[in-house]
Structures are given as C-alpha cells and as structure tokens.
Trainee: 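This is the structure, below, for whatever I ask next.
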Amino acid sequence: MNRKGDKDNTISKKEFDTFINTQFDLPDTDHDGTLDAAELGHLKAMLCAK
Ligand SMILES: [Ca+2]
C-alpha cells in the first residue's frame, strides 16, 4: 500500500482497490485487461521482489 496514504492508520476499501488495481495493471503490459503466462511471470517477479 502507499505508505504515504492519508495518514489515518487505516486502509479504506477504496485505497485497497486502488492498490490491487495497480498491482494488476503494472504487469498487464499490453493493456488488454488480462494477464497471460508471460505477464503472470512479471507479476510473480514483482510480488517476490517486495
Ligand atoms: Ca495482458
């Protein structure tokens, strides 16, 4: 999540949805709204790097 956030020490559904959508959009390199095997590989690498 964005550590800067709104500094209220909570995560709203909207903040969570934004985070999840960003995590989906980053590896969706062709922006077709789906993650193919290669894009899933990028997602896995991103998640393992954190
Ligand atoms: Ca895609």
Side-chain angles (χ1 to χ4, degrees):
M1 307 286 154
N2 182 349
R3 292 173 192 226
K4 293 177 183 173
D6 57 14
K7 300 184 192 297
D8 67 355
N9 294 320
T10 67
I11 300 169
S12 70
K13 183 174 185 330
K14 182 177 179 183
E15 290 169 330
F16 186 79
D17 286 347
T18 298
F19 173 77
I20 292 298
N21 286 331
T22 300
Q23 298 308 301
F24 185 93
D25 291 343
L26 287 173
D28 184 19
T29 54
D30 59 5
H31 309 290
D32 68 351
T34 65
L35 298 177
D36 62 24
E39 292 166 334
L40 285 170
H42 294 299
L43 177 61
K44 182 179 178 185
M46 286 171 37
L47 294 175
C48 290
K50 291 186 177 182

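Atoms within each ligand, like the ligands themselves, are counted from 1 in listed order. By convention here, the first residue in the shown sequence is residue 1.
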Trainee: Do you know which N/O/S atom name in Asp32 is closest to the Ca ion (ligand 1)?
Mentor: OD1
Trainee: Within Thr34, is some N, O or S atom less than 3.0 Å away from the Ca ion (ligand 1)?
Mentor: yes
Trainee: Just give me the atom name: the N, O or S atom of Asp28 closest to the Ca ion (ligand 1).
Mentor: OD1
Trainee: If you measure from CD on Gln23 to CD1 on Ile20, what distance do you get to the nearest 0.5 Å?
Mentor: 6.5 Å
Trainee: Measure across Glu39 and Thr29 and return the closest heavy-atom pair with its distance rounded to 0.1 Å.
Mentor: OE2-N, 3.2 Å
Trainee: For the residue pair Asp28 and Thr34, what are the closest heavy atoms and their distance?
Mentor: OD1-O, 3.0 Å
Trainee: Rounded to the nearest 0.5 Å, what separation is found between the NZ atom of Lys14 and the CG atom of Asp17?
Mentor: 10.0 Å
Trainee: Could you pull out the atom name of the N/O/S atom in Asp30 that is nearest the Ca ion (ligand 1)?
Mentor: OD1
